[in-house]
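From a predicted model like this one, the values you see are computed outputs, not experimental measurements.
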Amino acid sequence: VAACRDTGYDWFEQLLQNLLKSEEDASYKPVKKACTQLVDNLVEHILKYEESLSDSDNRGVNSGRLVACITTLFLFSKIRPQLMVKHAMTMQPYLTTKCSTQNDFMVICNVAKILELVVPLMEHPSETFLATIEEDLMKLIIKYGMTVVQHCVSCLGAVVNKVTQNYKFVWACFNRYYGALSKLKSQHQEDPNSTILTANKPALLRSLFTVGALCRHFDFDQEDFKGNSKVNIKDKVLELLMYFTKHSDEEVQTKAIIGLGFAFIQHPSLMFEQEVKTLYNSILSDKNCSVNLKIQVLKNLQTYLQEEDTRMQQADRDWKKVAKQEDLKEMGDISSGMSSSIMQLYLKQVLEAFFHTQSSVRHFALNVIALTLNQGLIHPVQCVPYLIAMGTDPEPSMRNKADQQLVEIDKKYAGFIHMKAVAGMKMSYQVQQAINTCPQDPVRGFRHDESSNALCSHLYSMIRGNRQHRRAFLISLLNLFDDTAKTEVNMLLYIADNLACFPYQTQEEPLFIMHHIDITLSVSGSNLLQSFKESMVKDKKKERKPSSDEETESDSNSGSESKSEEETSKPRRLRKRVNSDSDSDEENDINAVMKCLPENSAPLIEFANVSQGILLLLMLKQHLKNLCGFSDSKIQKYSPSESAKVYDKAINRKTGVHFHPKQTLDFLRSDMANSKITEEVKRSIVKQYLDFKLLMEHLDPDEEEEDGEVSASTNARNKAITSLLGGGSPKNNAAETEDDESDGEDRGGGTSGVRRR
């Protein structure tokens, strides 16, 4: 127990519970006997230990050992409180421990937790013993900090509600703090800047916390407390605490919200009040709201759900005891209906908290959602995209928790994950954007560690087993690259990263993607060229040329119908293939198009923007080709309608193949979409356009031509790709350096030289 101080004791509780449960119906109970011996010996050890301490000077030094002993006793009490009943009297004096170190506080809190579980089980405990406990607890509540107050009030709740019924004692304490709050409120209303308030701030913070804590464990609207008074205490408390949530000091606001959270555990219906809904939802959804307040609201919801869970388990155990005599009709589960309605109110805002830059906010939001799903309070489908998004969190514990929830949902409801997969991918991009600390760097879609896994690899591995779902998912992702989808460039980069790094297992998966990339390229590519041509102004000298020609020439690539200067690039290109030295020809091509550019540079930027999607697809195809070692003919021959068996072979991945779409990264880093357009940038975009055009002419080799012709066309296509993607070839270094300074949009200026192998 001492060793696991930081990691938690769930394992120990689980162990005890399982061992004790296994022998419940047996006549011979060795575990119970062992537990009794362990507990008795630990108590004896503590007493001996105390004696040895009183003789020496190092009182505070060894108390780590004492804390471990008492914590272990608490864990035993939590699972089987009967074991500690005979030792309750021995434990009580520890409530008066002098507190100086962290360990002393641990002792007090654990003793309070033990007594809370054990005192209600004692048969005829002595009056003095009970009175001493009540007084000790009250002293601690008045004197010490939040953790001690919380455990002591909780212990007092068990002792007073279940054993002594000494309500007047608690009522006096409540009135003391409630009165102080009312007084501070009226002072604040009179003069918010009064110095008295500053001096009384510690008292205000303590009162807010303690009033809330008392309301959590005692229902002051019972007659036992307030007598015949007609005042509605819970509403009064709500009004007081709500007043201080609007205070200018954040510390006061936080304590008031903690107090509210406590009060809502006793009276969950208060969470339906309009002012509470407004407070919670505004804190959760306001981008500028303090992180502490957000976390506190999420903690409140978390604590409420945990308490509900404990309450329901207890009700379940009680029901099992009497189930045989009772009638099922009488067992109405009102509380879970209540918590379900409450979570419906706040669900959207809690889910939106996933997009917060602070990991602690995301952590508590995820806890609340996990509790909500485990208790079955909401329909899981609305959480799926958010959980997919949280599965990309940089912190492994959060990723695993989100992935675990998805696996659970997938077991119960097949198809939900696939249904929301694309929405989840888009949301995961938003989460990554929120987490991204350096806005200049584009958001990437893989982990920056040695694995280079796709951020959404868990999602893909859940979907890939079902061929139909997998294909639908991949096509939906590729459709985002379509020029009509108008997806922002960084999101396309993020999705391309994921597609490049997904854990593919069979050849069919990457081949299917490449097949669809080809289809998308042929459609989007020609649309792109067409819109660029339409935006160009006809050269001043050629004004007599009718515009209809410009449209017809886009259908036919012979280049002979069109007389506009822009088109002269086509025959020149063909010439250049033979004569790779004519750099001046390339210059002429670019100059010819430059002359036809419109004054307004918007269409140019639009072209540069939209072309990123196509460039990314080209890069992705090249990457998958290199990664899996596919030949052109294999990609060409693939047909998605063939039986699955043909392509069921496993992939032999090559190591050290990384996806690095340089042009898109440069485009995003230079913020070209919003920057001023210079001549140089214009030239680089025009050059990209000409390379693009060439690629489109050779995209689909003509099946009818002889083999030799096809391969020449294929060569031309590959060369165009190399040029577009920034590759160079040794022969055209001269051409490459000349265009080197062109904005990184498209390196390898010597498109000409790479044309012919």
Exercise. What do you reckon, is CD of E223 surrounded by more than 12 foreign heavy atoms closer than 6.0 Å?
Worked result: no
Taking only distance into account, with no hydrogens and no angle test, what donor-acceptor pairs under 3.5 Å do side-chain atoms of residues 393-400 form with protein atoms, sequence neighbours excluded?
from : atom 1 : to   : atom 2 : distance (Å)
D393 : OD1    : E395 : N      : 2.9
D393 : OD2    : R362 : NE     : 2.6
D393 : OD2    : R362 : NH2    : 3.1
E395 : OE2    : S359 : OG     : 2.9
R399 : NH1    : D393 : O      : 3.0
R399 : NH1    : P394 : O      : 3.1
N400 : ND2    : P396 : O      : 3.2

Exercise. Counting distance only, does the side-chain N/O of N103 pair as donor-acceptor with the main-chain N or O of V67 below 3.5 Å?
Worked result: no
For this session: Measure centre to centre between the rings of F174 and F225, then say whether the value is under 6.0 Å.
Result: no
Exercise. Strictly by modelled atom types, are D104 and S100 linked by a side-chain donor-acceptor pair under 3.5 Å?
Worked result: yes
Exercise. Are F262 and T303 side-chain neighbours, meaning at least one heavy-atom pair lies under 4.5 Å?
Worked result: no
For this session: With sequence neighbours excluded, tell me which residues meet side-chain hydrogen bond (donor to acceptor under 3.5 Å, both in side chains) with D136.
Result: Q92
For this session: Decide yes or no for V276 and F264: does some side-chain heavy atom of the first lie under 4.5 Å from some side-chain heavy atom of the second?
Result: yes
Problem set entry | Validation row: F76, I114 side chains within 4.5 angstrom (heavy atoms) | no
For this session: Give a yes or no answer on whether the side chain of S340 reaches the backbone of L377 with a donor-acceptor pair at less than 3.5 Å.
Result: yes
Problem set entry | side-chain hydrogen bond (donor to acceptor under 3.5 Å, both in side chains) partners of Y413, counting only residues at least two apart | none
For this session: Decide side-chain contact (heavy atoms from CB on, under 4.5 Å) for L15 and L19; before the verdict, give the C-alpha distance in whole Å, the side-chain angles of both, and the deciding distance to 0.1 Å.
Result: CA-CA 6 Å; L15 174 74; L19 286 172; 3.9 Å; yes
Exercise. How about F74 and C109: do any of their side-chain heavy atoms sit closer than 4.5 Å?
Worked result: no
Exercise. Applying side chain to side chain donor-acceptor pair (under 3.5 Å), which residue pairs with at least one partner in residues 371-390 are found, sequence neighbours left out?
Worked result: E352-Y386
Exercise. Can you pull the salt bridge (Lys or Arg N to Asp or Glu O under 4.0 Å) pairs that have at least one residue in residues 273-294, sequence neighbours excluded?
Worked result: none
For this session: Only counting residues at least two apart or in another chain, list the ones meeting side-chain hydrogen bond (donor to acceptor under 3.5 Å, both in side chains) with H458.
Result: D403
Problem set entry | Pairwise side-chain contact, C4 with F12, heavy-atom cut-off 4.5 Å (strictly under) | no
For this session: Taking the side chain as every heavy atom from C-beta outward, state whether P385 and K420 have any pair of such atoms under 4.5 Å apart.
Result: yes
Exercise. Given side chains that start at C-beta, do those of Q150 and T147 come closer than 4.5 Å, heavy atoms only?
Worked result: no
Problem set entry | Under 3.5 Å: donor-acceptor pair, side chain of H267, backbone of S269 | no
Exercise. Are Q296 and T254 linked by a side-chain donor-acceptor pair shorter than 3.5 Å?
Worked result: no
For this session: Please assess E250 against S290 for the test side-chain hydrogen bond (donor to acceptor under 3.5 Å, both in side chains), listing each intermediate value before the final yes or no.
Result: CA-CA 8 Å; E250 190 188 300; S290 119; 3.2 Å; yes
Exercise. If you measure only the distance, is there a donor-acceptor pair under 3.5 Å linking the side chains of N367 and K401?
Worked result: yes
Exercise. Any salt bridge between E308 and R311, counting N to O under 4.0 Å?
Worked result: yes
For this session: Carefully, step by step, assess D224 and Q165 under the rule side-chain hydrogen bond (donor to acceptor under 3.5 Å, both in side chains).
Result: CA-CA 9 Å; D224 298 322; Q165 268 87 43; over 6 Å; no
Exercise. Do the side chains of L115 and V159 get nearer than 4.5 Å, heavy atoms only?
Worked result: no
Exercise. If you round to the nearest 0.5 Å, how far is CD1 of I409 from CG of L387?
Worked result: 5.5 Å
Problem set entry | Of all pairs that satisfy salt bridge (Lys or Arg N to Asp or Glu O under 4.0 Å), the ones with a partner from residues 236-247, not counting sequence neighbours | K185-E239
For this session: Verify whether one side chain among T245 and Q253 offers a donor that lies under 3.5 Å from an acceptor in the other.
Result: no
Exercise. Salt bridge between K21 and E24, side-chain N to carboxylate O under 4.0 Å?
Worked result: no
Exercise. How would you list all residue pairs meeting ring-ring contact (aromatic ring centres under 6.0 Å, His included) that involve residues 140-165, not counting sequence neighbours?
Worked result: F105-Y144
Exercise. Is there a donor-acceptor pair under 3.5 Å between the side chain of N161 and the backbone N or O of F218?
Worked result: no
For this session: For Y94, enumerate each residue passing the ring pair (Phe, Tyr, Trp, His ring centres under 6.0 Å) test, keeping only those at least two apart in sequence or located in another chain.
Result: none
Exercise. Restricting to pairs with a member in residues 200-209, which pass side chain to side chain donor-acceptor pair (under 3.5 Å), not counting sequence neighbours?
Worked result: K201-D249, K201-E251
Problem set entry | Pairing residues for N436 by the side-chain hydrogen bond (donor to acceptor under 3.5 Å, both in side chains) criterion, not counting sequence neighbours | none
Problem set entry | Test side-chain contact (heavy atoms from CB on, under 4.5 Å) applied to Q432 and L455, step by step | CA-CA 10 Å; Q432 291 305 314; L455 289 178; 3.6 Å; yes
For this session: Please name all residues satisfying ring pair (Phe, Tyr, Trp, His ring centres under 6.0 Å) with H418, sequence neighbours left out, ordered by chain then number.
Result: H469
